[in-house]
Amino acid sequence: MAILSQAAPGETSLVSLWVLIVYLGFLLGLGVISGRLFRGTSKDYFVASHSIGPFMLFMSIFGTTMTGFALVGSSGKAFGLGIGVYGLMASWSGLIHSAVFFIIGIRLWAFGKRLGFVTQIQFFRERFDSKELGYLLFPILVMLVIPYLLVGVISAMKVVQPITAGMFPETFPHASKALSGGIPPWLSGLVICGVVLFYVFKGGIRSAAFAHTFQTMVFMVTGLIAFLMISNSDKLGGSVASATEFVSQHAGEKLTRGGLGQLHFLTYLFIPLSVAMFPHLFQHWLTAKSAKTFKLTVIAHPICIAIVWVPCVLIGVWASGLHEAGVLKMPLLPDGSPAENTALAMMVKQLVSSELLSGLLMAGILAAIMSSLDSQFMCLGTMFTNDIVVSIAGPNRFSDRQLVSISRWFIVGIVVVSYGLALALQKSSVFDLGIWCFTGFASLFPLVFAALYWKRVTKAGAFASILTTLGVWLYFFYQDIILEVSGKAEYLVAEMMPVTFIFLASTVSLVAVSLATRPPAASTVDRFFPTAE
Amino acid sequence: MSKLIIAAAILLALLHQDFWWWNDVEPIILGMPIGLAYHVLFSLLAGGLWLLAIRYAWPHKLEEWAEGQTQHNVDEDSKTTED
């Protein structure tokens, strides 16, 4: 390592790359170990036999919700919009995520534990006495999870190239000097997908939980180190206060919320409700050993969100000030504007002088990304196996071992598709892609809330809500992404987030159609509203 | 107690909309402009609120129901024991 760190004059040291390689090797080892603990049953592969304790559950859930969106997306968005990004996402999430874990998560866990559900769709099918509901919900959930997967893969691609720039100038030349010689997106995406696939393949959700616990600790510690290193940089004056002072001189508007409307800020409250319908979170909830396991998650989640988001938002704002002052070089998009998604990576590359730390920081960022990708891959495999294969072929058609195998190979297919899509869409905004995914899930919140707390909700109401959500979501998505009616600005409707209207339409259709149709059977109501409560 | 927790959560949600220093940078607290420092405090208060919820509004009956000995849970327990 010492030799590797001493690069020849004019060459870039490979130390940071070696750190990353060692880290990825460690993850592969973790996959092998958790694969040995795998009990061979589908129940163990899908929900770890309900054996996960409080600390691992917290790490799994927190690691899953902190994605490339939280690190790369937040710093990139703060580069363009300023400190308001924290209030838009992080502080709302602190309040609402924990509320959802408390009022939705524990209740769904209880039904999973008592009635034996493995997937979200199984719950909805039983709750509404409808197999067809599952066939409608499955493609919609997959359609919404895939953009979330892409956020992770694209973020990984965006991070590795700038940090490794200059290492291989002849092998990987690039028109932009800030990216030339860096590991290209196709290669970094391939490696990250391959590593995640390996450990998920070996040990299923238990493997993912082990990896989460380890990776969440890694990205939190390295994130704090990155923050300290960057804030101590001479270019920013050597402290957080001087960095803020520097930004006030060069990009003062980024320290206020002048660029944000009041309604825009307010209606972001709907976005964190999405966690109630994330299929990958549902699967993690079911791994909990007991209801008490949730306590640490509910309390610690808001505080840990702050620990991750504050540094990322400040780094994005500082990057903006440095860029305005002509100190920070950023790769440019075809329209000549700076590539916001690379803000975090460019700050690490240009302000952290230690190659070893740069490598650790790169590993930390990728840890956050991978700890979400694995859950998303897992949940898609689980849903396909349980909600489609078993539902169509019957519960006795395949052995337990065959079910695990089907899930594994479906995951391989999803990884291949995600990788291809990420290559095609790598110039998309990570933040905006994530928001559209969250919008869809958040708009299905009325469905899960009513299923758990409203006895009068009916199957027809559930269908109406899902179809309305799909229709209105597609309409707004088409306006924003295909027609680009708002140009580069965030797409708003009457100065509000589109999720406001989709959520409203979903709720109205659910309530109106439920009240207009025959109440559900008493046996169903009795099953899901235990008298003991 | 659950109603008090719900009321506190609604109050906290209302306090999220801090329009009163929308365009202010100062005061700077711990190196952060006020618009950011306030929301960091908000996150800490959210943690405090959920601590109270866990303490005073825990769904004990639901928990007992979930842990009850249904045939499914009996099967689960015997599988775990065998392992």
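A, B, ... follow the sequence lines: proteins, then strands. Residue 1 opens every chain.
- Between the CZ atom in A:R257 and the CH2 atom in B:W21 there is a gap of 9.0 Å [rounded to 0.5 Å].
- Remark: the B:Y38 side chain and the A:S91 side chain contain no N/O donor-acceptor pair separated by less than 3.5 Å.
- The closest side-chain heavy-atom distance from A:V240 to B:L30 is not below 4.5 Å.
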Can you check side chain to side chain contact (heavy atoms under 4.5 Å, CB included) on B:S43 and A:Y86, steps first, answer last?
CA-CA 10 Å; B:S43 297; A:Y86 186 90; 2.7 Å; yes
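- Between B:A57 and A:F102 the shortest heavy-atom distance is O-CZ, 3.3 Å.
- For A:V310, the part lying near chain B is the side chain, with the backbone staying farther off; criterion is any non-hydrogen pair under 4.5 Å.
- Heavy-atom distances place no part of B:I34 under 4.5 Å from chain A, backbone and side chain included.
- Counting only distance, with no hydrogens or angles, the side chain of B:W22 and the backbone of A:L260 share a donor-acceptor pair below 3.5 Å.
- Annotation: side chain of B:D18 is in contact with side chain of A:F265 (closest heavy-atom distance under 4.5 Å).
- Within a 6.0 Å radius of CG in A:L228, other residues, nucleotides and ligands contribute more than 12 heavy atoms.
- Of the atoms belonging to A:I305, not a single heavy atom falls under 4.5 Å from chain B.
- Under the 3.5 Å distance criterion, the side-chain polar atoms of A:W92 are left unmatched by any main-chain donor or acceptor of B:H16.
- Checked against the 6.0 Å centroid threshold, A:F111 and B:W65 count as a close aromatic pair.
- The candidate with the highest count of non-hydrogen atom pairs below 4.5 Å against chain A, out of B:M32, B:H39, B:H60, is B:H39.
- Ranked by non-hydrogen atom pairs under 4.5 Å with chain B, the options A:A306, A:A99, A:S248 are led by A:A99.
- The environment of A:R527 atom CZ is dense: over 12 non-hydrogen atoms of other residues, nucleotides or ligands sit within 6.0 angstrom.
- In this structure, chain A has heavy atoms under 4.5 Å from both the backbone and the side chain of B:N23.
- Proximity to chain B (any heavy atom under 4.5 Å) is shown, for A:A300, by neither the backbone nor the side chain.
- Summarising the geometry, atom CG belonging to B:L49 is positioned 9.0 Å from atom OG belonging to A:S98; distances are rounded to the nearest 0.5 Å.
- Across A:T256, A:V85, A:V313, the residue that shares the most heavy-atom pairs under 4.5 angstrom with chain B is A:T256.
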Please step through side chain to side chain contact (heavy atoms under 4.5 Å, CB included) for the pair B:E63 and A:K292, ending with a clear verdict.
CA-CA 8 Å; B:E63 186 181 18; A:K292 289 184 180 65; 2.7 Å; yes
Test log, rule side chain to side chain contact (heavy atoms under 4.5 Å, CB included), inputs B:F42 and A:L95:
CA-CA 9 Å; B:F42 182 95; A:L95 182 65; 4.0 Å; yes
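- The shortest side-chain heavy-atom distance between A:I299 and B:I54 falls under the 4.5 Å cut-off.
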What verdict does the side chain to side chain contact (heavy atoms under 4.5 Å, CB included) test give for A:L314 and B:L36, after you've listed the backbone C-alpha separation in whole Å, the side-chain angles of each residue and the deciding distance to 0.1 Å?
CA-CA 9 Å; A:L314 281 174; B:L36 179 59; 3.6 Å; yes
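- Side-chain atoms of B:Q17 come within 3.5 Å of backbone N or O of A:Q262 as a donor-acceptor pair.
- Contact count versus chain B (heavy atoms, under 4.5 Å) is highest, among A:V298, A:I303, A:I106, for A:V298.
- Judged by distance alone, the side chain of A:T244 and the main-chain N or O of B:G31 form a donor-acceptor pair under 3.5 Å.
- Options A:A241, A:P302, A:G84 differ in how many heavy-atom pairs under 4.5 Å they form with chain B, and the most are formed by A:P302.
- Between A:H301 and B:W50, the closest side-chain pair of non-hydrogen atoms is not below 4.5 Å.
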